[in-house]
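So the structure is just underneath, and the comments pick up after that.
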2 protein chains.
Amino acid sequence: MKKQTSAPRLSIAEENYLKAIYKLTEHSERPAATTAIAEQMQTAAASVTDMLKRLADKGLIHYERYKGVSLSDEGLRLATHLVRKHRLWEVFLVDKLGFGWDKVHDIAEQLEHIRSPELVERLDEFLGRPRFDPHGDPIPDAEGQFAERQQILLCKLTEGQQGVIVGVAEHAPSFLQFLDKLSLVLGTCLEVVERFDFDDSMKVRLPDGREVLLSSKVTHNLFVQKQPV
Amino acid sequence: MKKQTSAPRLSIAEENYLKAIYKLTEHSERPAATTAIAEQMQTAAASVTDMLKRLADKGLIHYERYKGVSLSDEGLRLATHLVRKHRLWEVFLVDKLGFGWDKVHDIAEQLEHIRSPELVERLDEFLGRPRFDPHGDPIPDAEGQFAERQQILLCKLTEGQQGVIVGVAEHAPSFLQFLDKLSLVLGTCLEVVERFDFDDSMKVRLPDGREVLLSSKVTHNLFVQKQPV
DNA sequence: AACTATTTTTTGGCTTGCCTAAAAAATAGT
DNA sequence: ACTATTTTTTAGGCAAGCCAAAAAATAGTT
Ligand SMILES: [Mn+2]
Ligand SMILES: [Mn+2]
Ligand SMILES: [Mn+2]
Ligand SMILES: [Mn+2]
């Protein structure tokens, strides 16, 4: 029941489940819970159990009743490729078509399911083999390898330290639009003027001299690269 | 049963049926036959009847049992939009990603189903608002209007007349690859040296001076623009 | 008009993917 | 150790799409 004769292409639904499981297990050792997947996919838990059985039969996940689920090697490979396609398309939409970084996610959710190895390769080349997407997330290469980068959350910087914004941990359009309003776009250099530990907020100075107060929510969702002062 | 409260998005399957019906009725007055649609879609006739009932319920086609089917105004609008997207993506694949014109159809078949009005508009602009796709087929504008062009089949040219290749009636990759081999690409100017009416073949002279014999099958599937001599 | 061949629809059934409601299992609290 | 709560699975059902086989309609022929 586990071995596959050949590799039947996955449906869009199956691909979306794989990506959901990937996201949930990406930064943790523990398997993904049915409820968490249901939440991520906006479906009923019963639908998730249904699908988990199918994915397990296809050898894409490790699944034991009541024990949660994790990706198999093959499942991880497929999920990584989906992430690659998603992020490459996001680069295309922003760099080539001029979309705002807050507008591209839903379209990339569709484009990531386009099936054509040659298309991905040519797109990658057309875009100049980008290593990070418009949100600063790394784009795995054709072998599934992610670029490494020295980055920390803004909230980890101490007073006087400088950092360059290289990514966002939160992708909600409202958050991205808020950052746009403050000109806190990728590549922006900022210096921590003062930290207010009682509520985790901080005042930072921007390149134009402006000083702004950033809430805890903001400082915990901005990735920066520490700059030597 | 005909009036729609709102416009529920179509499934990919429904879109493909609409496009098949569009293709079959595009150049004829008569409605499309169930068998013809089944042939076009590579499905069983029973599946077609199933879908026709659904499309009729949604007001996208005019359907009467045993009488064939044609697109409603709304169906035509949607089908035209699909054609627009398909051809724009083909331009993207050839012009921007460097695909051969014989490789793009299947990928465009997938891309045409991506749903985002803004994407289509931006893509159109990015491509320079092309009016014809890589096969010489006209790309309808946002209002569904096709560009008109003075074009005839190569087989209609008489001896001594010159024409510029502007399109192909047949899209089979094998035909396109054959044309590539002979350098009969869009924009190529050719002169009819001699016609052989007994088998409808003709000898033509190419810009490089080469003279080639073209079979009936070829001359009936190449669109040219007649050139003043 | 009657018969035949072809086309189309109907019927019944399959898979995928989703749902709700209910049962069962795991977990947390006392 | 027992109970209450949460999590997960099971059961039963539904819509979309697909199919093969049977039945009905149409078209062609004599
Ligand atoms: Mn995204
Ligand atoms: Mn992203
Ligand atoms: Mn095409
Ligand atoms: Mn084309």
Side-chain angles (χ1 to χ4, degrees), chain A residues 1 4-21 24-25 28 30-70 75 78 82 109-110 113 115, chain B residues 1 4-21 24-25 28 30-70 75 78 82 109-110 113 115:
Chain A
M1 23 287 266
Q4 284 302 115
T5 356
S6 70
R9 338 192 165 348
L10 301 187
S11 70
I12 290 179
E14 288 169 326
E15 289 190 340
N16 283 332
Y17 274 96
L18 280 190
K19 231 184 45 159
I21 297 166
L24 290 167
T25 53
S28 118
R30 303 203 323 282
T34 300
T35 322
I37 299 171
E39 162 71 16
Q40 178 85 31
M41 304 272 306
Q42 293 288 291
T43 60
S47 309
V48 175
T49 302
D50 254 20
M51 180 59 92
L52 293 186
K53 281 186 247 174
R54 283 194 291 268
L55 292 177
D57 282 348
K58 296 189 176 185
L60 301 173
I61 58 174
H62 301 301
Y63 170 55
E64 220 176 331
R65 291 196 333 298
Y66 296 101
K67 294 290 177 57
V69 69
S70 62
L78 291 170
L82 280 168
E109 280 297 317
Q110 299 178 60
H113 301 291
R115 222 179 303 278
Chain B
M1 17 286 266
Q4 284 301 115
T5 356
S6 71
R9 328 166 184 10
L10 300 188
S11 70
I12 290 178
E14 288 170 324
E15 291 190 338
N16 283 332
Y17 274 96
L18 279 191
K19 232 184 44 158
I21 297 166
L24 291 167
T25 52
S28 118
R30 303 204 322 284
T34 300
T35 323
I37 299 171
E39 162 71 16
Q40 178 85 32
M41 303 273 305
Q42 292 288 289
T43 60
S47 309
V48 175
T49 302
D50 254 19
M51 180 59 92
L52 293 187
K53 281 185 251 174
R54 283 194 291 270
L55 292 177
D57 282 348
K58 296 190 177 185
L60 301 173
I61 58 174
H62 301 301
Y63 172 55
E64 219 176 331
R65 294 197 326 301
Y66 295 101
K67 293 289 176 57
V69 69
S70 61
L78 292 169
L82 280 168
E109 281 297 316
Q110 299 178 61
H113 301 291
R115 222 179 302 277

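Chain identifiers are assigned alphabetically (A, B, ...) following the order of the sequence lines, protein sequences preceding nucleic acid strands; residue numbering begins at 1 within each chain.
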Close N or O pairs between protein and nucleotides 4-6 of chain D (under 3.5 Å):
none

Nearest atoms (heavy-atom pairs only) where [X] meets [Y]:
X      : Y      : answer
T25(B) : R30(B) : CG2-O, 3.9 Å
G68(B) : Y63(B) : O-CD1, 3.9 Å
D50(B) : S47(B) : CB-O, 3.2 Å
K67(A) : P31(A) : O-CG, 3.5 Å
S11(B) : E14(B) : N-OE1, 2.8 Å

How is the base pairing of DNA chain C summarised as a dot-bracket string, given the Watson-Crick and G-U wobble criteria with both distances under 3.5 Å, [ ] for crossing and | for another strand?
||||||||||||||||||||||||||||||

Applying salt bridge (charged side-chain N to carboxylate O under 4.0 Å, His left out), can you list everything that pairs with R115(A), at least two apart in sequence or on another chain?
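R115(A): salt bridge (charged side-chain N to carboxylate O under 4.0 Å, His left out) contacts with E15(A).
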
Output all residues satisfying salt bridge (charged side-chain N to carboxylate O under 4.0 Å, His left out) with E109(A), sequence neighbours left out; order by chain, then residue number.
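With neighbours one apart ignored, the set is K19(A).
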
Atom pair distance, as rounded to whole Å: CG in L18(A) and P in dG17(C):
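My rounded result for the distance is 11 Å.
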
For atom CZ of R9(A) and atom P of dT16(C), their distance in whole Å
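Going from CZ in R9(A) over to P in dT16(C) covers 16 Å.
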
Between protein and nucleotides 9-21 of chain D, map the contacts as a letter string: B base, S sugar-phosphate only, - none, heavy atoms under 4.0 Å, written 5' to 3'.
BB------SBBB-

In sequence, state the C-alpha distance, the side-chain angles, and the governing distance for L60(B) and L10(B), and then conclude on side-chain contact (heavy atoms from CB on, under 4.5 Å).
CA-CA 10 Å; L60(B) 301 173; L10(B) 300 188; 3.6 Å; yes

Using the side-chain contact (heavy atoms from CB on, under 4.5 Å) criterion, which residues pair with T34(B)? Sequence neighbours excluded.
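Checked T34(B) against side-chain contact (heavy atoms from CB on, under 4.5 Å); matches are A45(B), V48(B), T49(B), L52(B).
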
Could you please spell out the steps behind the side-chain contact (heavy atoms from CB on, under 4.5 Å) verdict for V69(B) and I37(B)?
CA-CA 10 Å; V69(B) 69; I37(B) 299 171; 3.6 Å; yes

